[in-house]
Number of protein chains: 2
Amino acid sequence: MPATPRRDLAAMIVPLGRALTAAELPLLHDHGLTMWAYSVLLRLDDRPLRSQAALAEAIGADKTRIIDVLADLEERGLISRTSDPADRRVRLLALTPEGHRVRTAAQSAIQSREDRLLARHLTPAQRTTFLEALATLSTLPPDTLTTP
Amino acid sequence: MPATPRRDLAAMIVPLGRALTAAELPLLHDHGLTMWAYSVLLRLDDRPLRSQAALAEAIGADKTRIIDVLADLEERGLISRTSDPADRRVRLLALTPEGHRVRTAAQSAIQSREDRLLARHLTPAQRTTFLEALATLSTLPPDTLTTP
DNA sequence: TAGATCGGTACGCATGTGCTTATCGTGTGC
DNA sequence: GCACACGATAAGCACATGCGTACCGATCTA
């Protein structure tokens with residue numbers, strides 16, 4: 001039985017992810033965002049969040065480390081951080097209109113570039129299926145990958 | 001024009017890569033390999049390499065940091081490191097038969113798990129197209145992504 | 001009411017990695 | 001033949017990140 005002829009999934013995906021991330025960085029900085037700040041804006045766009053620890057967990061960050069990021073975003077008026085009246089220990093996190101505007105602008109720039117990339121190298125059918133499959137795989141519960 | 005409804009490519013790919021990597025780690029350790037050691041074995045399988053700096057660059061590692069990895073692999077008989085007779089400054093790097101055996105065993109374990117994952121969550125057609133597109137994108141020259 | 005718990009914050013430690021410099025043996029060009 | 005360039009190696013600095021601890025204020029519970 002010959003060795004499998006294809007490269008490992010991770011060996012293809014991880015460098016691709018790195019390259020895409022590297023390509024994103026200048027676009028983010030154009031909008032005054034770091035990667036962590038952008039992650040925060042993306043996450044809060046879905047819906048406001050109760051508690052910063054939940055946010056950290058959702059974006060895979062360290063809860064003691066996003067504090068500065070949140071403080072900075074709040075200072076710049078991109079997010080609001082208010083104490084929950086029901087339990088004043090927790091902070092309610094939400095995008096401000098300005099935060100929403102910045103997030104949309106940054107994401108448009110990024111996705112435009114991505115769309116151009118895909119259009120240039122994949123057929124429309126490939127592109128559709130690829131995005132479909134990617135969406136499927138990237139939304140699997142974490143333990144699906146680690147325990148089978 | 002509404003905001004694009006899909007997630008960023010990088011936002012899907014990077015966490016997926018992380019998850020796949022995390023799932024690989026225990027398998028690698030079963031074969032006595034670290035991720036860096038495995039990267040080395042994979043790269044050397046293609047063809048032997050002249051110079052360690054070239055290897056480091058090929059696998060995206062720091063050239064001053066793979067030295068210990070290579071020394072360990074050599075000590076365990078998985079790779080050979082000989083001085084090039086034509087230029088004794090450079091080291092010729094190659095897999096030993098034992099190194100090839102270990103590499104094959106580790107990769108089989110990893111790809112079996114990957115195949116099971118894909119089979120479970122994608123249709124055969126999706127799977128084929130996905131791997132095709134992934135192979136295409138992951139072999140693009142680096143500047144294709146960073147400069148368009 | 002007192003003690004336990006919880007979210008947020010700050011701080012220190014360890015680690016992994018990149019980047020720089022220095023050294024040594026080897027090669028090459030003047 | 002000699003100065004310089006180059007590959008491999010070692011050692012140090014810098015930074016980002018993860019992890020643990022400690023503290024504070026607010027809340028819950030016995």
Side-chain angles (χ1 to χ4, degrees), chain A residues 10-11 14-15 17-19 21-22 24-26 28-29 33-40 43-44 48-75 79-94 142 146, chain B residues 10-11 14-15 17-19 21-22 24-26 28-29 33-40 43-44 48-75 79-94 142 146:
Chain A
V14 171
R18 274 197 242 282
T21 301
E24 274 190 18
L25 269 183
L28 288 179
H29 288 163
L33 297 174
T34 64
M35 192 59 76
W36 284 125
Y38 183 56
S39 297
V40 168
R43 180 58 191 82
L44 292 183
L49 259 181
R50 260 188 108 250
S51 118
Q52 306 184 168
L55 171 65
E57 214 253 320
I59 65 176
D62 190 289
K63 79 176 152 64
T64 73
R65 211 156 281 272
I66 53 166
I67 294 176
D68 297 338
V69 177
L70 296 178
D72 179 58
L73 287 174
E74 184 184 25
E75 193 177 340
I79 67 171
S80 64
R81 215 162 28 150
T82 59
S83 288
D84 183 348
D87 181 344
R88 293 214 306 281
R89 289 174 305 180
V90 317
R91 308 291 188 89
L92 300 178
L93 305 170
T146 46
Chain B
V14 171
R18 272 198 243 281
T21 301
E24 275 190 17
L25 268 183
L28 288 179
H29 288 164
L33 297 174
T34 63
M35 192 59 76
W36 283 124
Y38 183 58
S39 298
V40 169
R43 181 58 191 80
L44 291 184
L49 258 182
R50 258 188 111 250
S51 119
Q52 306 185 170
L55 171 64
E57 214 254 319
I59 65 176
D62 190 289
K63 78 177 151 66
T64 72
R65 211 159 281 273
I66 54 167
I67 295 176
D68 296 339
V69 177
L70 295 178
D72 180 57
L73 287 174
E74 184 184 26
E75 194 178 340
I79 68 171
S80 63
R81 212 163 31 151
T82 59
S83 289
D84 184 348
D87 181 344
R88 294 216 304 282
R89 289 175 305 181
V90 318
R91 307 292 189 88
L92 300 177
L93 304 170
T146 47

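Here is how names work: the chains are called A, B, and so on, in the same order as the sequence lines, proteins then strands, and each is numbered from 1.
Of the candidates dC6(C), dG18(D), dT9(D), dT9(D) carries the atom nearest the Gln52(B) side chain, counting heavy atoms from C-beta on. Out of dC6(D), dT9(C), dT5(C), the shortest distance to the side chain of Arg89(B) is found at dC6(D). Comparing dA11(D), dA8(D), dG7(C) by their nearest atom to the side chain of Ala53(B) picks out dA8(D). Comparing dA26(D), dT17(D), dC19(C) against the side chain of Trp36(A) picks out dT17(D) as the nearest. Nearest to the side chain of Thr64(A), among dC11(C), dG27(C), dG18(C), sits dC11(C).
Scanning both residues, Trp36(A) and Gly60(A), for their nearest heavy atoms gives CH2-O, 3.7 Å. Summarising the geometry of Ala10(B) relative to Pro15(B), their closest heavy-atom pair is O-CD, 3.7 Å, with the distance given to 0.1 Å. When all heavy atoms of Ile66(A) and Ala56(A) are compared, the pair lying nearest together is CD1-CB, 3.5 Å.
Between the CD1 atom of Ile67(B) and the P atom of dG18(C) there is a distance of 13 Å, rounded to whole Å. Spacing between atom NZ of Lys63(A) and atom P of dG18(D) amounts to 13 Å, rounded to whole angstrom units. The CZ-C1' distance, from Arg65(A) to dT9(C), rounds to 13 Å in whole Å. The separation between Glu57(A) atom CD and dC19(D) atom C1' is 16 Å, rounded to whole Å. Going from atom CZ of Arg88(B) over to atom C1' of dG27(C) covers 10 Å, rounded to whole Å. Taking atom CG of residue Asp87(A) and atom P of nucleotide dC6(C), one finds them 12 Å apart after rounding to whole Å. Across the protein-nucleic acid pair, Asp68(A) atom CG and dC15(D) atom C1' stand 15 Å apart, rounded to whole Å. As a whole-Å value, the separation of Asp84(A) CG from dG7(C) C1' is 11 Å.
With the nearest nucleotide of DNA chain C identified for both Asp62(B) and Leu70(A), Leu70(A) has the one nearer the 5' end.
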Next on the checklist: Set out, in order, the CA-CA distance, both residues' side-chain angles and the distance that settles side chain to side chain contact (heavy atoms under 4.5 Å, CB included) for Arg50(B) and Asp87(B), then state yes or no.
Outcome noted: CA-CA 10 Å; Arg50(B) 258 188 111 250; Asp87(B) 181 344; 3.8 Å; yes

Checklist entry - Does the side chain to side chain contact (heavy atoms under 4.5 Å, CB included) test come out yes or no for Arg43(B) and Leu93(B), once each step is laid out? => result CA-CA 10 Å; Arg43(B) 181 58 191 80; Leu93(B) 304 170; over 6 Å; no

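Listed pair Arg91(B) / dT9(D) meets the phosphate criterion, a side-chain N or O lying under 4.0 Å from OP1 or OP2. Within the structure, every side-chain polar atom (N or O) of Arg50(A) is placed at least 4.0 Å from both OP1 and OP2 of dC6(C).
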